[in-house]
K.L.:
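Quick one: structure below, then a few questions.
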Protein chains: 2
Amino acid sequence: MGSVPSENRRERKKLDTRQKIVKIGMYFFRKQGFDSTTMEQIANEVDISKATLYNYFPVKESIIGDYWQGNIKEFKFQILEMIQLLPDTRSRVQRTFTKAAAELFKSKEDIYKIYLSYWLRNLNNQSVNERLRSGFEDIFTMIIKLGQHAGDVRKDMSVELLVKYLEVLFLTVCINWLSDPKLFPLEATLAQTVSLFIEGAGLGSRKSKTKNEGEESAQGKLL
Amino acid sequence: MGSVPSENRRERKKLDTRQKIVKIGMYFFRKQGFDSTTMEQIANEVDISKATLYNYFPVKESIIGDYWQGNIKEFKFQILEMIQLLPDTRSRVQRTFTKAAAELFKSKEDIYKIYLSYWLRNLNNQSVNERLRSGFEDIFTMIIKLGQHAGDVRKDMSVELLVKYLEVLFLTVCINWLSDPKLFPLEATLAQTVSLFIEGAGLGSRKSKTKNEGEESAQGKLL
DNA sequence: TACAATATTAAACGATATCCAATTATATGT
DNA sequence: ACATATAATTGGATATCGTTTAATATTGTA
C-alpha cells in the first residue's frame, strides 16, 4: 500500500488516516449515495471526530476529488504513452474516449456519477476547480498539440479552447449515457462524437472561416 | 405588469406573492450574493413566514429558476422568429449565441453562475430537468431540424444529441467566460465555438467518417 | 524534561428544510 | 347574507447537516 514511507511517524499516521477516510468515504458514497452520506457517519466509521475529518478534507466533495486523482493517475500515464504511437488526431481521440469509458466508467459507473456531479457543482468555484479539473485536460492538451503540429488540427484556435471543447463533448456523452443509456449507448455515441469533433456538424463547404484551404471536395458523403 | 388576470382573487394573490418573492429574492442575491442571503431574510422582507416561502419555493435555488423562466420566455419568442429569416445554420447558431449571451448576462453575472450550476447539476435529474430545461432546447432543436432539412447539417446524428451538444457548448463558453473573462472573451469565444461546431477541429479531408454506413441510403438527396 | 508545533476534539453555530396545530382568508352553495 | 367547506398562512418547534471555533491532547525536538 504505502509505497513511499514518510519520514516520521506523524506523517505516516496522517497519510494512513487520509487513505482510510477516502476508502470508507467512497464506500459509503457508493453504497448510499453522496448526499445521504454524512460527514459524521464517515468520521464515526474511521473513528475520528468530525472536526478532524474536516481537518483532512475541508469540504465533503474533496474526498471524491482525492479518490479521483489517485485513480486517474495511472490511466493518464498509460494513455499518454499510447497516444504517441497512433497516426492521427482522430484515432487518438477515439482511443482516449473508448479507453476512458471502458476503464473509468464501465467499471465504476456510480463513482463517476458522483464525481461528475462534484465537478459540475464546482464549475463556478474557481479555487476548487483549479485543483480539480477533469483529469483529462493533460491528455487532451497533448492530443491537440500533437495534432496542430502534425497539421491535422486547425491552428486558428487556442489549445485551451479546443481542449475545453473536447472535455465538454466527452462529458456530455457521459452524462447523456448515464441519464439514458438506451437513448445514448456509450460506444456508438462516443464514436459519433469523435466524428463531430473532427468534422463538425455542418455539411456545407468551408466558406469564409478557415484560412487554410477549403477542402470540402470529399463532401458528398455524409454518412 | 400582470397581463393575464387570474380568475379569482386567491390565484391573483398567490401570483402576486410569488412575483414579490422572486423580485426581492433576486434583489438580495444580487446585493449580497446567493449564499449569504437566507430564506428567512427573504421571507421577512416579503413579509410572509418562512413556511409560506417554502410553500412557494421548495428549495432556494428555485427562486432563480423562476426568474430565469420568466426571462427566457420573451427571448425565445424573439429568437424563434429571427432564426427563420437567417440563411443557414451557422448564422442561426451564431445569432442565438450572441443574443443569448447579451440578453442573459446584461445583469449581475453571479446570479447566472448559480443558476447555470443549478441547471448543470440537475442535467441528469429527469424530473427536475423537465421543469427546468435550459430554455434553449426548443431553439436549438428548431435550428438543427431546419439545418438537417435544408441540408447543411449532417443527418447521421440524432437531433437530440446535436441539441445537447449545442446546449452544453453554449453553457461552457458562458462558464468559462465567467470564470476567466480575459482568457475566454465572450464574443470571440462564442464565434469560435460556432465554427468548431459547424466545421470541426480537423483539417484533413473528410475520410471514412463512421462505420455505420447503413445510414446513408437517403443520403444523396438533399444538397 | 520542557516547550513549541501540530493534531484532535467536543461543542457550538448557522443555515436549509420539514412539520404541525392553530388561525385566517377565500370560495361556494343555500 | 350567511354557513360551511376548502385552501393558504403562520409561528414555532425540530431535525439535520456542513462547517467553525476554541480548548485540549499529542508529538517532535532541543
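All chains are named by letter (A, B, ...) in the order of the sequence lines, taking the proteins before the strands, and each is independently numbered beginning at 1. As the structure is a prediction and not an experimental result, all values here were calculated from the model. Just the heavy atoms: all of them, side chains too, but no hydrogens, waters or symmetry mates, feed the values below.
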K.L.:
Is the Lys NZ or Arg CZ of B/K60 less than 6.0 Å from the centre of B/F34's six-membered ring, within 45° of the axis?
P.N.:
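Flagged: B/K60 positioned over aromatic ring of B/F34.
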K.L.:
According to a strict under-4.0 Å criterion, is B/K14 in side-chain N/O contact with OP1 or OP2 of D/dA8?
P.N.:
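Yes, such a contact exists.
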K.L.:
Can you tell me whether the side chain of A/K50 and the base of C/dT9 have a donor-acceptor pair closer than 3.5 Å?
P.N.:
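Counting by modelled atom types and ignoring angles, no donor-acceptor contact under 3.5 Å is found here.
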K.L.:
I need the CD-C1' distance between B/Q32 and C/dA15, as an integer number of Å.
P.N.:
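B/Q32 atom CD is separated from C/dA15 atom C1' by 14 Å.
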K.L.:
If only side-chain N and O atoms of B/K13 are considered, is one of them under 4.0 Å from the OP1 or OP2 phosphate oxygen of D/dA8?
P.N.:
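Answer is no, no contact under 4.0 Å.
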K.L.:
Would you please confirm or rule out a distance under 4.0 Å between OP1 or OP2 of D/dT21 and any side-chain N or O of A/Y54?
P.N.:
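For A/Y54, the contact criterion (side-chain N or O under 4.0 Å from OP1 or OP2 of D/dT21) is not met.
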K.L.:
Which of residues 39-46 of chain A sit near DNA chain C, with a heavy atom under 4.0 Å from it?
P.N.:
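Within this stretch, nothing sits under 4.0 Å of the strand.
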K.L.:
Just how far, in rounded Å, is P of D/dC17 from CG of A/D35?
P.N.:
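To the nearest whole Å, that distance equals 11 Å.
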K.L.:
Have a look at A/T37 and say if it touches a base, only the backbone sugar-phosphate, or nothing, with a 4.0 Å heavy-atom cut-off.
P.N.:
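If one applies the 4.0 Å heavy-atom cut-off, A/T37 turns out to touch the sugar-phosphate alone, with no base involved.
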K.L.:
Nearest-Å distance, CD1 (A/I63) to P (D/dC17)?
P.N.:
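From A/I63 CD1 to D/dC17 P: 15 Å.
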K.L.:
Rounded to whole angstroms, how far apart are CD1 on A/I48 and P on C/dT9?
P.N.:
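Spelled out: CD1 on A/I48 to P on C/dT9 is 7 Å.
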K.L.:
Quick check with a 6.0 Å cut-off and a 45 degree axis cone: is A/R92 positioned over the face of A/F97's six-membered ring?
P.N.:
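Judged by the rule (NZ or CZ under 6.0 Å from the ring centre, within 45° of its axis), A/R92 is not positioned above A/F97.
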K.L.:
Are the side chain of B/S158 and the backbone N or O of B/L161 linked by a donor-acceptor pair below 3.5 Å?
P.N.:
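A pair under 3.5 Å: yes.
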K.L.:
Distance check needed: D/dC17 P versus A/F28 CZ, whole Å only.
P.N.:
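So the two atoms are 13 Å apart, to the nearest Å.
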K.L.:
Starting from C1' on C/dA7, measure out to CG on A/L53 and report it in whole angstrom.
P.N.:
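It works out to 14 Å between those atoms.
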K.L.:
Base, sugar-phosphate alone, or nothing: which one does B/Y56 contact when heavy atoms must sit under 4.0 Å apart?
P.N.:
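Since only primed, P, OP1 and OP2 atoms lie under 4.0 Å of B/Y56, the category is sugar-phosphate.
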K.L.:
What is the distance from CD1 of A/I21 to P of C/dA7, rounded to the nearest Å?
P.N.:
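That distance rounds to 13 Å.
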K.L.:
Checking the side chain of A/T98 only, and the main-chain atoms of A/Q94 only, is there a donor and an acceptor separated by less than 3.5 Å?
P.N.:
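Checked: pair present.
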K.L.:
Distance check, rounded to the nearest 0.5 Å: B/M142 atom CE versus B/T96 atom OG1?
P.N.:
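Result: 11.0 Å between the selected atoms.
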K.L.:
Nearest whole Å is fine: how far is D/dG28 C1' from A/R12 CZ?
P.N.:
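After rounding, the reported distance stands at 13 Å.
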K.L.:
Would you mind telling me which of B/I198, B/V93, B/L169, B/T172 makes a side-chain contact (heavy atoms from CB on, under 4.5 Å) with B/T193?
P.N.:
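So the option named by the test is B/L169.
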K.L.:
Starting from the 5' end of DNA chain D, give me the residue, A/A51 or A/S36, whose nearest nucleotide shows up first.
P.N.:
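Counting from the 5' end, the first nearest nucleotide belongs to A/S36.
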K.L.:
With respect to the phosphate group of D/dT9, does any side-chain polar atom (N or O) of B/N55 fall under 4.0 Å of OP1 or OP2?
P.N.:
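Affirmative; the distance criterion is met.
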K.L.:
Indicate yes or no: does A/D156 engage A/R154 in a salt bridge with an N to O separation below 4.0 Å.
P.N.:
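Yes, charged N to carboxylate O under 4.0 Å.
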K.L.:
Examine D/dT10: is either OP1 or OP2 under 4.0 Å from a nitrogen or oxygen in the side chain of B/T52? Give yes or no.
P.N.:
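So the side chain of B/T52 is within the cut-off, an N or O lying under 4.0 Å from OP1 or OP2 of D/dT10.
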